[in-house]
Trainee: 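Following this message is one structure expressed as structure tokens.
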Amino acid sequence: MHSLLGREKKEEEAGFGIDLGLSPGFVPHASTMFSCVGCFWVLLSSALVAVCSFSFISPAWIVKDQLRTSHHHHHHSSSNNNKDSVSFGLLWHCSESMDHMYRCYTFGGLGKFAEIPSSSWQTSAVLCSGGCALLAVSSLLAIITIFLPSGGCERRICTLAGYMQMAAVFIMAAGLLVYPFGLNSSLVRSFCGDSDIYYAGECQIGWGYMLAIVGVMLTVFLPFFAKYAPKEQLSPTPLPTLL
């Protein structure tokens, strides 16, 4: 009798343990865990938004170093000596004054877009700022996906953000390619000498333009990470066959 009671008690305990093991309460925890790829995608997106924004407002896209060119201009008058150190950006230009102070000004003042000295630079400003804004919106969508549970909504947002980042790459790259067409403007020629399209003359490419190029090159990888950002990888996010 005691052996039968003990056997039934063991069977009840075993059944209770099986019920706990099959309880559906433990399943949702796996679907709400953060994705490592998703977190890296968010961090990289946010960092590239900061890099692109900083490079696009930088006044050092085309620079002329005073130490590099001062020996070739001793015959110039003193009124032109302040032109030996100058830099140009999308919206700003900086120059060193006679008192050796480096001052920066917007082209024609804030809000006067038409005062940008070249139509190529105007086009580049529109493309770069538009691509950067698109990248910022996609970065915000990427942050939202971290807090969403895995499912169709998360995958759709990742898909949308991936397409936006791919479009931002092409838009910003087009802006960078258009910018050198403005090197033949009269304002640039007055400082850089015989400059022309894709030829800076006595000037050189500045760190702002190089930083923008690096930022766009790194942005190329964002759509790829967006494909694997969803927490459930049973059906990866669809992206164009280009990837």
Side-chain angles (χ1 to χ4, degrees), residues 24-59 61 89-92 110-111 113 121-179 207-243:
F26 293 92
V27 176
H29 293 287
S31 62
T32 57
M33 292 176 59
F34 291 156
S35 169
C36 294
V37 177
C39 292
F40 180 76
W41 176 49
V42 170
L43 292 176
L44 184 60
S45 300
S46 302
L48 289 178
V49 169
V51 169
C52 292
S53 301
F54 181 72
S55 62
F56 291 154
I57 64 175
S58 165
W61 282 38
L90 275 178
L91 304 173
W92 302 79
L110 292 175
F113 183 78
W121 286 9
Q122 294 176 4
T123 304
S124 179
V126 172
L127 292 174
C128 290
S129 59
C132 190
L134 197 61
L135 186 62
V137 174
S138 67
S139 178
L140 180 61
L141 292 178
I143 295 175
I144 294 176
T145 59
I146 292 183
F147 304 99
L148 292 177
S150 59
C153 181
E154 181 201 21
R155 288 193 294 271
R156 285 191 292 269
I157 293 180
C158 288
T159 302
L160 177 61
Y163 278 112
M164 292 176 67
Q165 290 171 342
M166 181 176 296
V169 169
F170 287 106
I171 293 173
M172 292 188 295
L176 294 179
L177 292 175
V178 169
Y179 183 81
W207 61 266
Y209 190 75
M210 298 301 298
L211 183 62
I213 293 176
V214 173
V216 172
M217 292 177 63
L218 292 177
T219 307
V220 174
F221 297 98
L222 291 181
F224 175 79
F225 290 117
K227 181 178 180 180
Y228 299 97
K231 303 175 185 66
E232 290 183 354
Q233 291 302 323
L234 297 179
S235 57
T237 304
L239 281 180
T241 55
L242 179 63
L243 298 179

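Atoms considered below: every heavy atom in the structure, side chains included; atoms not considered: hydrogens, waters and symmetry mates.
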Trainee: Rounded to the nearest 0.5 Å, what separation is found between the CD1 atom of I213 and the CG atom of L218?
Mentor: 12.0 Å
Trainee: So how far is it from F225 CZ to L44 CG, rounded to the nearest 0.5 Å?
Mentor: 6.5 Å
Trainee: Any chance you could measure T159, atom OG1, to L141, atom CG, to the nearest 0.5 Å?
Mentor: 11.5 Å
Trainee: Measure the OG1-CG distance between T123 and L177 for me, rounded to the nearest 0.5 Å.
Mentor: 13.0 Å
Trainee: Side chains of M172 and L135, heavy atoms from C-beta outward: is any pair under 4.5 Å?
Mentor: yes
Trainee: With side chains defined as the heavy atoms from C-beta onward, is the minimum distance between C158 and W41 less than 4.5 Å?
Mentor: yes
Trainee: To the nearest 0.5 Å, what is the distance between CD1 (I146) and CD (E154)?
Mentor: 10.0 Å
Trainee: Check S58 against G208 and note the closest heavy-atom contact, atom names and distance.
Mentor: OG-CA, 3.8 Å
Trainee: Do any N or O atoms from the side chain of T145 and from the backbone of A142 form a donor-acceptor pair under 3.5 angstrom?
Mentor: yes
Trainee: If only atom types and distance count, is the side chain of W61 paired as donor or acceptor with the main-chain N or O of F56 below 3.5 Å?
Mentor: no
Trainee: On a heavy-atom basis, which atom in L222 and which in S45 lie closest, and how many Å separate them?
Mentor: CD2-OG, 3.5 Å
Trainee: Of all heavy-atom pairs between S124 and V178, which one has the smallest distance, and what is that distance?
Mentor: N-CG1, 4.3 Å
Trainee: Could you report the tightest heavy-atom contact between S138 and A161, atom names first, then the distance?
Mentor: CB-O, 3.8 Å
Trainee: For the atom pair OH (Y228) and CZ (F40), what is the distance rounded to the nearest 0.5 Å?
Mentor: 15.0 Å
Trainee: Are S139 and L48 side-chain neighbours, meaning at least one heavy-atom pair lies under 4.5 Å?
Mentor: no
Trainee: Are V214 and V51 close enough that some pair of their side-chain heavy atoms sits under 4.5 Å apart?
Mentor: no
Trainee: Please report the shortest heavy-atom distance between C128 and L90, naming the atom on each side.
Mentor: CB-CD1, 3.9 Å
Trainee: Shortest non-hydrogen contact from Q165 to P223?
Mentor: OE1-N, 3.8 Å
Trainee: Report yes if the side chains of M164 and L160 come closer than 4.5 Å at any heavy-atom pair, otherwise no.
Mentor: yes
